[in-house]
Every structure is written in structure tokens, then in C-alpha cells.
Amino acid sequence: MTPISIKKINVRQLKMTLKNPFTTSFGTLQEKTFFIIEAIDADGNCGYGESVAFDSPWYTEETVQTNAHIIEDFLIPILSEHDISHPDDVSPLFSPIKGNNMAKAAVEGAVWDLYAKQQNIPLAKALGGEKTAIDVGISLGIEPTIEQLLTKVAYFVQEGYKRIKLKIKPGFDIEVLREVRHHFPDILLMADANSAYTLADIDHLQQLDAFDLLMIEQPLAHDDIIDHATLQAAMETPICLDESIHSLRDVRQAIALDSCKIINLKIGRVGGLTEAKRIHDYCLAHDVPVWCGGMLEAGVGRAHNIALTTLPQFLLPGDTAGSAQYWEEDIIQPEVVVHDGMIQVSPQPGIGYDINEAALEKFTVDLKVFTF
Ligand code: OSB
Ligand code: MG
């Protein structure tokens, strides 16, 4: 096989502002700082990856700063010292570095896109995906009042989004879900707690069974799969794990313990597309539905999510909503658009979207260049 042969990697730090603040059980997010990784070959092909860590470690332990440290001081030096002929070669090279999956995924993602562009095929095809369109839902943050949330739900249902996910926390849960279910008896509805509960809340959480939810996402601790098994045995509503899943091994153990019935797959959380594919294949073989989660990505990360979602075991609508739900202006063109709750998969090589160079420059606050 011909080597991928990277000549240069740019680590571009961007700062973008979400159109609307996004509130979870942890707090509110509106400014987003992240990295766009550009992997460039001798012919001028450029592959793009996006880091998804936040400024503070509320979701997992990674942050923008830890991503910079790991990417610049460990991952890029490893890539510069090794020849690779396929993007699947990257994750074994990174495996001596413990954890730091979002940092790894950002760099590996750029290599995947570069490889697909060199092969002149869409990234979706390089991953083995065959869908030409994907179903999507939307994740709605915690709102000041139930009335405000109901207005948002009504809007996205009318826009055609195929599933509505509501962020919940103690004090913003049972009443909210009862009201939304009352007004929208037939929609696919689910809740995401981002680890806001403990097993002491088991009676409280059992009340959620009354609302015919598609699933409840990550009710318990971010690093737990034992208590989730206890909770799942006590609830009808399927549990979906998000924060707890960092690898195929985590998935295998969670399924073996009946800690969940559904997996939320995020490329950044599991360390890249190669591991995401392995998890997908395992879930396919074990009849466990997966769906693609989101990290409020800009266009590059969004395009990676779309490509991954073309794999067959992505059986439930993901959180990859249209660019316009997040950004006044995205860094790709065209932007990601959703019609009737679906995104058409681009047939273009690589991530399938051009970079909006003017927007990319405008949002760049720092640029580091590594030549090989
Ligand atoms: O828990 O899935 C989550 C956003 C940021 C961090 C964690 C999560 C989320 C979302 C929104 O639910 C996903 C999106 O719209 O990108
Ligand atoms: Mg979640």
C-alpha cells in the first residue's frame, strides 16, 4: 500500500460563539474554543480533524488545554516518526499514550480525511458506510421554564427532527417530561441526565417509566457501569451510556453486565474513527443499537459524525443537527442542512464539505505548524 505520507500538520485554535447558550446538568456553555487539525501531504491534499473537548473538564477529564499538550507534545511527534499506510495504523501508534481520547480522535480524524481524499472517495465510504441519507434528532438544553422548552420542542417537531432529546437534572425532570409527553404523545422522546443522579434516586428515576421514553442517557456517574446495571434491572426505560464509554472494552463490559441497552457513540470520546468502527461492528454482532452523539461541533466534526452514521448499526437518530442550530456561520460550505429530519450524505471525497476559508481564518486565534 502507498504510504499516507504527511508533510505538515497545522494545529489551529478556533474560538466560536454558539447562537444560543446550551445548558446541561453541569452548567451553561456558549463560547467554544477547540482545535482544527490540518494534515497535509506533498500533493497539497489536506485532511481535517476537530477536537471536541471543552474549556473545563465537566463532561470528561479532557480540556482544550490538555488537548493542546497531548496533541503537540506527544501525538504529532509520534506521527512524525512513523510511516502509515492506512488510518487504522494510527490508533495502535497512539495506544502507549493513556486516555486523552479527544486529543487522539482530532489527529486521527485528520488522517482519515486525508486518506479518503488521497483515495478520492468519501470518508463515509472509506469507513464502510453505505447510507446515502441519515436520520437526525436534536438535543435541547435545560430552559428557564417548561413553557420555553415546549416552544422549542414544537419548533423542532414541526421542522421534522426525528427524535427530541431533553436534558434533565434533579428539579427539572419528571414535570418537564410529563408536560412534553402530554403535548407530544407520539414523538420519539428521550432524556439525558449527564450523570446528575445516583442510585439513591432509584425510586425517583423509576417514575420516568411512565413517559414511554426511547431511552434515558447516562443517568449515573460518568465512570460507572456497575450501578447502571442495578438501575437498568429496576427500570423499563432502556438506559443508554454516553460518558461511561471510552473503548470497545467498555462497551463489551457494559453489555455483559446489562448496564445499558443502547450505546451513544462519540468519535472523540472513544479516541477516533477506528475505535468507533470497532464498537459499531461489535454492537452489530450483538444486536445493540447505536447512535451518534454530539459535542456541539463545528462543521468539520459534524461532517465526521455524518460519515460515521452511514454505518448500518446506527439504527436510531443521532444528535447531529443542522449547522444553523448552533452557528451564525459555520466553517464548512455548504453548511450541514436538515430536511424532514434527514441529512443527505455528500458524495464528495473526504469529509464531503469544502472549508469556508474566510470563516476558518476569522475564527482562528492561534496557529502552530509542524513540518515532518
Ligand atoms: O451529553 O450528549 C451530551 C453536548 C455537549 C456535551 C455533551 C452532550 C451534549 C449534547 C448536545 O447533548 C449534542 C449536540 O447537539 O451536539
Ligand atoms: Mg449525553
Side-chain angles (χ1 to χ4, degrees), residues 16 18-34 50-64 101-102 105 134-143 149 152-153 156 159 161-169 172 189-197 213-224 228 238-246 254 260 262-270 290-306 308-309 316-327 330 335-336 338 341 343:
M16 291 173 70
L18 288 165
K19 259 186 184 172
N20 300 301
F22 189 78
T23 301
T24 69
S25 58
F26 289 93
T28 300
L29 214 137
Q30 185 146 32
E31 297 295 327
K32 211 181 173 218
T33 305
F34 59 96
E50 179 173 326
S51 68
V52 297
F54 300 110
D55 277 320
S56 61
W58 61 265
Y59 171 77
T60 64
E61 75 288 353
E62 290 184 86
T63 68
V64 174
N101 282 351
M102 295 178 187
I134 62 163
D135 287 344
V136 294
I138 190 146
S139 172
L140 299 179
I142 291 168
E143 291 287 329
L149 183 60
K152 285 211 160 177
V153 173
F156 287 104
E159 283 286 295
Y161 279 84
K162 302 228 164 163
R163 180 231 62 197
I164 304 289
K165 162 167 142 183
L166 306 180
K167 293 288 188 183
I168 58 167
K169 64 175 182 183
F172 191 87
L189 182 64
M190 61 175 285
D192 184 0
N194 289 108
S195 304
Y197 301 90
L213 302 180
L214 185 60
M215 69 192 93
I216 175 168
E217 185 176 338
Q218 198 72 32
L220 308 179
H222 72 98
D223 54 355
D224 169 79
H228 278 105
I239 292 176
C240 169
L241 290 179
D242 174 357
E243 281 90 329
S244 297
I245 301 297
H246 305 96
C260 67
I262 298 169
I263 298 289
N264 171 334
L265 199 34
K266 289 185 186 171
I267 303 165
R269 173 165 41 64
V270 304
V290 305
W291 57 278
C292 186
M295 291 289 281
L296 311 171
E297 288 91 345
V300 169
R302 205 159 288 284
H304 280 266
N305 288 346
I306 294 166
L308 179 66
T309 305
L316 297 164
D319 276 348
T320 309
S323 299
Q325 304 314 326
Y326 304 83
W327 315 110
D330 204 343
E335 298 193 344
V336 174
V338 174
I343 296 171

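One-based numbering, in listed order, for ligands and for the atoms of each. Side chains included, hydrogens not; waters and symmetry mates left out as well; all remaining heavy atoms used.
- Only the side chain of Asp192 comes within 4.0 Å of ligand 1, judged by heavy-atom distances.
- Here the protein heavy atom with the shortest distance to atom 5 (C) of ligand 1 is Phe54 CZ, 3.5 Å.
- We find that Asp135 and Arg163 are not joined by a salt bridge, their nearest charged nitrogen and carboxylate oxygen being 4.0 Å or further apart.
- For Asp242, a nitrogen or oxygen atom sits less than 3.5 Å from a nitrogen or oxygen atom of ligand 1, counting backbone and side chain alike.
- You'll find the side chain of Asn264 reaches within 4.5 Å of the side chain of Glu217, heavy atoms only.
- Geometry note: the Mg ion (ligand 2) is the vertex, Glu217 OE2 and Asp192 OD2 are the arms, and the angle is 90° (rounded to 10 degrees).
- With hydrogens and angles ignored, the 3.5 Å screen pairs a side-chain donor or acceptor of Gln218 with a backbone N or O of Ala221.
- In this structure the side chain of Phe54 reaches within 4.5 angstrom of the side chain of Tyr59, judged on heavy atoms.
- The nearest heavy-atom contact from the protein to atom 1 (O) of ligand 1 is Asn194 ND2, 2.7 Å.
- For atom 10 (C) of ligand 1, the choice among Lys167, Lys266, Glu217 with the nearest heavy atom turns out to be Lys167.
- For Lys169 and Phe172, the positive end is not near the middle of the six-membered ring at less than 6.0 Å and at most 45° from its axis.
- Checking side-chain atoms of Asn101 against main-chain N and O of Gly268 turns up no donor-acceptor pair under 3.5 Å.
- Side chains of Thr63 and Asp55 form no contact here, defined as non-hydrogen atoms less than 4.5 Å apart.
- Summarising the contacts of atom 6 (C) of ligand 1 with Phe22, Tyr326, Trp58, the nearest heavy atom is found in Trp58.
- For ligand 1, none of its N or O atoms has an N or O atom of Tyr59 under 3.5 Å away.
- Ligand 1 has an N or O atom lying under 3.5 Å from an N or O atom of Ser139, backbone or side chain.
- Taking the Mg ion (ligand 2) as reference, the nearest N/O/S atom within Asp242 carries the name OD2.
- The protein heavy-atom contact nearest to atom 16 (O) of ligand 1 is Leu296 N, 2.8 Å.
- Residues Leu316 and Met215 form a side-chain contact, since some pair of their non-hydrogen atoms from C-beta on lies under 4.5 Å apart.
- In this structure the side chain of Ile263 reaches within 4.5 angstrom of the side chain of Ile245, judged on heavy atoms.
- Taking every non-hydrogen atom of Met295 and a distance limit under 4.0 Å, the qualifying atoms of ligand 1 come out as 6 (C), 16 (O).
- Each of the atoms 2 (O), 3 (C), 12 (O) of ligand 1 lies under 4.0 Å from some heavy atom of Lys165.
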